[in-house]
*Asks:* 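Below: one structure in structure tokens.
Protein chains get the first letters and strands the later ones, always in sequence-line order, with residue 1 at the start of each. Predicted model only: the values in this text are computed from it and were never measured.
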Amino acid sequence: MEELDADFFRRDPLTCSRDLIGCVFRWHGCEGRIVETEAYAEHGDEACHTWNRPSAREFIARHDAGTAYVYLNYGVHWLFNVVVKSAENSGFVLFRALEPISGLERMRERRGDLPLHSLCSGPGKLTQALDIDGSMHGNCFLGAENTGIRRDSAEISLSIGPRIGISRAADRPWRFGAAGSASLSRRF
DNA sequence: ATGAAGATCCGG
DNA sequence: CGGATCTTCATT
């Protein structure tokens with residue numbers, strides 16, 4: 001199927017987040033279908049890091065669309081985002097959940113001997129399962145030998161709802177998911 | 001220097 | 001429901 005390139009991420013954060021649902025993310029021998037994402041907008045979004053972090057604005061300015069933005073949350077969990085850049089609005093897509101497809105053994109080595117749908121059903125869980133950490137921050141991972149994202153023909157019906165775990169701008173329906181997937185971080 | 005808040009997860 | 005544990009930023 002079709003491999004995503006940087007142009008895919010040269011659209012607004014909502015469009016990118018929505019269109020990623022159903023795509024397949026591959027990372028060093030592991031693959032998972034993207035079943036949950038959230039959009040964060042550089043401008044006008046109080047929940048986005050750019051709202052109160054100069055370093056986040058700087059990061060967008062200095063990196064191309066499609067670059068990985070990885071940071072540690074609560075001093076515990078790495079969260080994986082992709083930079084989005086467009087004329088309307090730039091920002092990030094947060095990867096919140098995957099449905100594991102291959103590399104399950106490696107995921108279980110890192111996550112423990114868990115059921116399939118518990119391996120990547122949350123933003124911190126999926127980075128642990130794939131062994132993603134801060135060393136990937138700033139990487140262009142699209143279309144590489146061991147990493148990338150491809151479209152897939154699987155039919156997905158979309159769920160949309162408010163973002164999770166934030167206090168500001170919590171009402172915006174900027175969370176996207178594959179309806180009914182057992183690998184969601186939470187039900188819609 | 002110091003403190004507070006934060007896009008989470010797990011166990012009790 | 002609370003604690004773990006660290007980065008970023010603002011304030012002293």
*Asks:* Could you state the CG-C1' distance from A:L79 to C:dT7, rounded to the nearest angstrom?
*Replies:* 13 Å

*Asks:* Which part of the nucleic acid, if any, lies within reach of A:L94 when heavy atoms closer than 4.0 Å are counted: base, sugar-phosphate only, or nothing?
*Replies:* base

*Asks:* Between A:E38 (CD) and B:dT8 (P), how many Å, whole number?
*Replies:*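 Computing the A:E38:CD to B:dT8:P distance gives 7 Å.
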
*Asks:* Expressed as a whole number of angstroms, how long is the span from A:L72:CG to C:dT7:C1'?
*Replies:*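 Spelled out: CG on A:L72 to C1' on C:dT7 is 7 Å.
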
*Asks:* Given the ring of A:F188, does A:R186 sit roughly above its face, with NZ or CZ under 6.0 Å from the centre of the six-membered ring and within 45° of the axis?
*Replies:* no

*Asks:* In sequence, state the C-alpha distance, the side-chain angles, and the governing distance for A:Y69 and A:H49, and then conclude on side-chain hydrogen bond (donor to acceptor under 3.5 Å, both in side chains).
*Replies:* CA-CA 11 Å; A:Y69 175 87; A:H49 281 178; 2.9 Å; yes

*Asks:* Mind checking who C:dT5 pairs with, Watson-Crick or G-U wobble, both distances under 3.5 Å?
*Replies:*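 Its partner is none (no Watson-Crick or G-U wobble pair with both distances under 3.5 Å).
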
*Asks:* Mark this stacking check for A:Y74 against C:dA4 as yes or no, applying ring centres under 5.5 Å and ring planes under 30°.
*Replies:*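 Not stacked by the 5.5 Å and 30° rule.
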
*Asks:* Quick one: do A:E42 and A:T50 satisfy side-chain hydrogen bond (donor to acceptor under 3.5 Å, both in side chains)? Show the steps, please.
*Replies:* CA-CA 6 Å; A:E42 177 178 22; A:T50 53; 5.7 Å; no

*Asks:* State whether A:Y40 and A:R163 meet the cation-pi test: NZ (Lys) or CZ (Arg) under 6.0 Å from the six-membered ring centroid, and within 45° of the perpendicular axis.
*Replies:* yes

*Asks:* Could you state the CZ-P distance from A:F59 to C:dT7, rounded to the nearest angstrom?
*Replies:*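 Distance check: A:F59 CZ to C:dT7 P gives 16 Å.
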
*Asks:* Would you say the rings of A:F25 and A:F80 are close, in the sense that their centroids are separated by under 6.0 Å?
*Replies:*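 Judged by ring-centre distance (under 6.0 Å), A:F80 and A:F25 do meet the cut-off.
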
*Asks:* Check whether any side-chain N or O of A:H49 sits under 4.0 Å from OP1 or OP2 of C:dT8, and answer yes or no.
*Replies:*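 It does not, given that no N or O in the side chain of A:H49 lies less than 4.0 Å from OP1 or OP2 of C:dT8.
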
*Asks:* Side-chain contact test, heavy atoms from C-beta onward, threshold under 4.5 Å: evaluate it for A:L14 versus A:F176 and give yes or no.
*Replies:* yes

*Asks:* Looking at A:S55, does any N or O in its side chain come under 4.0 Å of the phosphate oxygens OP1/OP2 on C:dC9?
*Replies:* yes

*Asks:* For A:D12 and A:T15, what are the C-alpha separation, side-chain angles and deciding distance, and is it a side-chain hydrogen bond (donor to acceptor under 3.5 Å, both in side chains)?
*Replies:* CA-CA 6 Å; A:D12 72 276; A:T15 305; 2.6 Å; yes

*Asks:* Measure from CD on A:E36 to P on B:dT8 and round the result to the nearest Å.
*Replies:* 10 Å

*Asks:* Any base atoms under 4.0 Å from A:R53, or only sugar-phosphate, or nothing? Heavy atoms, all strands.
*Replies:*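 The residue A:R53 makes sugar-phosphate contact but no base contact.
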
*Asks:* For B:dG6, does either OP1 or OP2 sit under 4.0 Å from a side-chain N or O belonging to A:S167?
*Replies:*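 Result: yes.
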
*Asks:* CZ of A:F95 versus P of B:dA7: gap in Å, rounded?
*Replies:* 18 Å

*Asks:* Once you round it to whole Å, what is the distance between C1' of C:dA4 and CG of A:N73?
*Replies:* 12 Å

*Asks:* Each nucleotide N or O in nucleotides 9-12 of chain B that has a protein N or O under 3.5 Å away: list the pair and distance.
*Replies:*
residue: B:dC9; atom: OP1; partner: A:P123; partner atom: N; Å: 3.1
residue: B:dC9; atom: OP1; partner: A:G124; partner atom: N; Å: 2.8
residue: B:dC9; atom: OP1; partner: A:K125; partner atom: N; Å: 3.3
residue: B:dC9; atom: O4'; partner: A:H77; partner atom: NE2; Å: 2.8
residue: B:dC10; atom: OP1; partner: A:R111; partner atom: NH1; Å: 2.9
residue: B:dC10; atom: OP1; partner: A:R111; partner atom: NH2; Å: 3.3

*Asks:* Between A:I166 (CD1) and B:dG6 (P), how many Å, whole number?
*Replies:* 11 Å

